[in-house]
Amino acid sequence: MLDIRLIREQTALVKTELGKAGVAAAEIDRVVECDAERRRLQRELDELRARRTRESKELGRMAPEERESRRAEMRALGDQITAGEQQLAEIELRFNDLMLGIRNIPRPYVPVGNGEADNVIVRSEGEPRKFDFKPAPHWDLGEKLGIIDFERGVKLSGTRFYVLAGLGARLERALIAFMLDLKTREQGYLEIAPPLMVNTATATSTGHLPKNADTMYHDAEEDYWFIPTAELPLTSMYRDEIIETGRLPIYLTAYTPCFRREKMSAGRDVRGIKRGHQFDKVEMVKLVRPETSDDELQSLVENACEICRRLEIPFRVVQLCTADISFASAATYDIEMWAPGLGEWLEVSSCSNCTDFQMRRANIRYRPQKGGKTEFLHALNGSGLGLPRTLIAVMENYQQADGSIVIPEALRPYMGGADRISLA
RNA sequence: GGAGAGGUGGCCGAGUGGUCGAAGGCACCAGAUUGCUAAUCUGGCGUACUGGGUAACCGGUACCGAGGGUUCGAAUCCCUCCCUCUCCGCCA
């Protein structure tokens with residue numbers, strides 16, 4: 001959520017900045033109008049209520065016979081207040097809807113653009129390996145080695161589901177352990193094992209609700225949302241809390257499965273394990289002081305890059321343009337690993353500075369000055385990394401002419417002695 | 001799932017219809033004082049919205065788990081829901 005005061009007092013600026021991300025100026029006008037109406041009603045109602053309090057107290061001090069005569073009058077005032085309250089409640093509902101629907105303002109350094117084509121490749125690291133054979137896509141490798149079973153995944157659940165088996169499952173577990181160890185031992189993150197189903201308030205805090213309700217799995221009976229990313233529980237952990245300054249910055253990491261309907265991507269990436277309804281991910285979340293969040297974004301990106309580096313897989317960092325950053329984000333960098341079998345760059349991480357957008361929704365604050373006013377923190381999140389795509393990159397980059405896959409050095413300690421996945 | 005108890009300010013905790021935004025304590029802030037790694041005293045100190053003021057600040061309203069109801073008036077009475085704790089049942 002944006003600060004209504006900013007929208008109110010610097011309407012033109014907000015329109016310009018949001019315009020860069022494709023938000024229509026009319027949307028801002030609607031909010032400003034609704035806000036004015038809301039405040040007008042609020043003031044009226046406050047006056048009526050002040051009168052009631054005042055006169056009720058008088059009434060209490062009156063003699064009983066005198067009291068009766070004023071009752072009817074007071075009851076009418078009470079009805080007027082009730083009517084005003086109902087009216088205000090309606091306006092507030094509409095106001096909140098409007099506010100929840102406005103996206104975050106991009107940071108000034110985010111390149112202005114109209115789509116994916118305007119994203120900027122910031123840097124690349126690692127040389128793509130030269131193959132003296134045609135590198136196979138991971139689905140061929142996985143099936144031949146018996147480590148990915150697509151047919152049985154479909155049998156068990158349906159399209160976009162698959163089964164990892166044997167050293168395939170083991171390799172994914174190794175990646176998870178490797179990533180979590182790096183986060184917790186070297187990068188200062190606290191490991192969390194959060195709930196995978198969250199309530200509406202949690203999903204609203206991060207900006208996934210109300211706008212993206214149709215992209216999430218939802219249990220109607222209990223009103224639980226299956227997390228599309230651990231960003232939801234991690235960012236909302238401290239909802240409605242005032243964080244002690246000494247505890248900042250807070251770095252959290254979690255390995256969780258993620259669930260996504262992938263409605264928007266119907267027909268895209270249907271082959272392989274690149275895009276499933278369920279996938280594993282290691283996530284990073286930071287809650288930091290506002291003035292540090294841009295630096296923290298850089299280090300967040302670096303934290304994710306380090307994984308690619310240690311796996312010795314070529315990657316590049318892409319800065320998303322204003323049109324491509326997500327609803328809650330003010331600045332986003334994607335990290336893409338090279339997948340020689342697919343012949344494409346795979347988005348394995350997306351690191352965002354969400355500034356105070358989510359923190360305002362979640363009401364997570366701190367006190368910059370002891371005894372002073374509270375302020376909203378800034379929240380950042382990034383994958384570190386998405387598992388299926390990392391798995392693809394490992395398989396395709398480390399494949400050999402005979403169809404076997406060599407285990408990257410960094411993962412060997414986690415592979416129970418295996419240094420290669422070969423045909424049985 | 002059954003029975004009972006309970007949810008009050010950053011924290012603990014009192015408060016059963018008006019003078020309660022709410023006693024008291026802790027924590028915190030400012031000052032005083034004694035001095036020795038801290039104590040004592042005095043004062044201040046909730047959040048949000050809103051009106052006024054350059055500002056310090058002053059005023060109004062709302063908020064005592066959430067939502068509804070009764071009443072001139074609700075933290076307090078009634079209803080529904082959520083959550084926590086204890087006991088029982090069931091269960092991975």
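Sequence lines set the chain letters: A, B, ... in the order given, protein chains first and strands last, and positions in each chain run from 1.
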Original post:
Considering only B:G51, B:G60, B:G18, which nucleotide approaches the side chain of A:R43 most closely?
Top reply: B:G51

**OP:** With heavy atoms under 4.0 Å as the rule, sort A:R51 into base, sugar-phosphate or nothing.
**Re:** nothing

Original post:
Looking at the side chain of A:R365, which of B:U47, B:C72, B:U61 is the nearest nucleotide?
Top reply: B:U47

**OP:** Side chain of A:R39 only, please: which of B:U50, B:G10, B:G18 is the nearest?
**Re:** B:U50

**OP:** Could you measure between the two P atoms, the one in B:C26 and the one in B:A39, and give it in whole Å?
**Re:** 11 Å

Original post:
Atom CD of A:E85 to atom P of B:G67: distance rounded to whole Å?
Top reply: 12 Å

**OP:** When you get a sec, tell me which of B:C72, B:G51, B:G60 is the closest nucleotide to the side chain of A:D46?
**Re:** B:G60

**OP:** Under a 3.5 Å limit for both distances, which nucleotide forms a Watson-Crick or G-U wobble pair with B:G59, could you say?
**Re:** B:U50

Subject >> Gap between atoms CG and P, on A:L41 and B:G60 respectively (whole Å) >> reply: 21 Å

**OP:** Could you measure between the two C1' atoms, the one in B:G21 and the one in B:C49, and give it in whole Å?
**Re:** 16 Å

Original post:
If you check every side-chain atom of A:I242, which of B:C72, B:G10, B:U61 has the closest atom?
Top reply: B:G10

**OP:** Could you tell me which nucleotide pairs with B:G89 by Watson-Crick or G-U wobble geometry, both distances under 3.5 Å, or answer none if nothing does?
**Re:** none

**OP:** Describe, in one word, how the ring planes of A:F226 and A:Y217 are oriented to each other, choosing from parallel (under 30°), tilted (30 to 60°) and perpendicular (over 60°).
**Re:** perpendicular

Original post:
More 5' along RNA chain B: A:K57 or A:R5, using each one's nearest nucleotide?
Top reply: A:K57

Original post:
For B:A23, which nucleotide in any strand shown is its Watson-Crick or wobble partner with both distances under 3.5 Å?
Top reply: none

**OP:** Would you please confirm or rule out a distance under 4.0 Å between OP1 or OP2 of B:G73 and any side-chain N or O of A:R52?
**Re:** yes

Original post:
Any luck finding a side-chain donor-acceptor pair between A:S350 and A:D334 under 3.5 Å?
Top reply: yes

Original post:
What is the pairing partner of B:A30, taking Watson-Crick or G-U wobble pairs with both distances under 3.5 Å in any strand?
Top reply: B:U42

Original post:
If you pin A:T82 and A:M74 to their nearest nucleotides in RNA chain B, which one's is more 5'?
Top reply: A:T82

Subject >> Euclidean distance for C1', B:G60 against B:G68 (whole angstrom) >> reply: 26 Å

**OP:** Using the C1' atom as the reference point in each nucleotide, state the distance between B:U34 and B:G44 in Å, no decimals.
**Re:** 23 Å

**OP:** Rounded off to whole Å, could you give me the CG-to-C1' distance for the A:D240 and B:C83 pair?
**Re:** 14 Å

**OP:** Find the distance A:I91:CD1 to B:U50:P and express it as a whole number of Å.
**Re:** 15 Å

Original post:
Is a side-chain donor or acceptor of A:T322 paired with a backbone partner of A:G113 at a separation under 3.5 angstrom?
Top reply: yes

Original post:
Would you say the side-chain atoms of A:Q187 and A:E306 include a donor-acceptor pair closer than 3.5 Å?
Top reply: no

Subject >> Whole-Å P distance, B:G9 and B:G4 >> reply: 27 Å

**OP:** Indicate, with a heavy-atom threshold strictly under 4.0 Å, whether A:R71 touches base, sugar-phosphate, or nothing.
**Re:** base

Subject >> Base-pairing mate for B:G17 - Watson-Crick or G-U, with both contacts under 3.5 Å >> reply: none

**OP:** Please state the P separation for the pair B:G7 and B:C64 - nearest whole angstrom.
**Re:** 14 Å

Original post:
Does one side chain, of A:T235 or A:N381, offer a donor that lies under 3.5 Å from an acceptor on the other?
Top reply: no

Original post:
If you measure from the C1' atom in B:G46 to the same atom in B:A55, how many Å do you get, rounded?
Top reply: 23 Å

Original post:
Counting only Watson-Crick or G-U wobble pairs whose two distances fall under 3.5 Å, which nucleotide matches B:U71?
Top reply: none

**OP:** Among B:U50, B:A48, B:C72, find the nucleotide with the atom closest to the side chain of A:R38.
**Re:** B:U50

Original post:
How close or far is atom P of B:G10 from atom CG of A:N363, stated in whole angstroms?
Top reply: 11 Å

**OP:** Indicate whether the side chain of A:T202 and that of A:N199 have a donor and an acceptor atom separated by less than 3.5 Å.
**Re:** yes

Subject >> Spacing between A:Q86 atom CD and B:G68 atom P, to the nearest angstrom >> reply: 9 Å

Subject >> d(CD, A:E92; P, B:U61) in whole Å >> reply: 17 Å

Original post:
Which value, in whole Å, describes the distance between the P atoms of nucleotides B:A56 and B:C36?
Top reply: 42 Å

Subject >> Identified pairing partner of B:G35, criterion: Watson-Crick or G-U wobble below 3.5 Å >> reply: none

Original post:
Does a donor on one side chain and an acceptor on the other come within less than 3.5 Å for A:Y251 and A:N303?
Top reply: no

**OP:** Give one of base, sugar-phosphate or nothing for A:R8, where a contact means two heavy atoms less than 4.0 Å apart.
**Re:** sugar-phosphate

Original post:
Where the side chain of A:R49 is concerned, which of B:U61, B:U19, B:C72 is the nearest nucleotide?
Top reply: B:U61

Original post:
Once you round it to whole Å, what is the distance between P of B:U50 and CG of A:L88?
Top reply: 12 Å

**OP:** Could you check whether A:R54 gets within reach of a base, just the sugar-phosphate, or nothing at all, counting any heavy atom under 4.0 Å?
**Re:** nothing

**OP:** Just name whichever nucleotide pairs with B:C81, Watson-Crick or G-U, keeping both distances under 3.5 Å, else none.
**Re:** B:G65

Original post:
When rounded to the nearest 0.5 angstrom, what is the spacing between CH2 in A:W225 and CG in A:L209?
Top reply: 4.5 Å

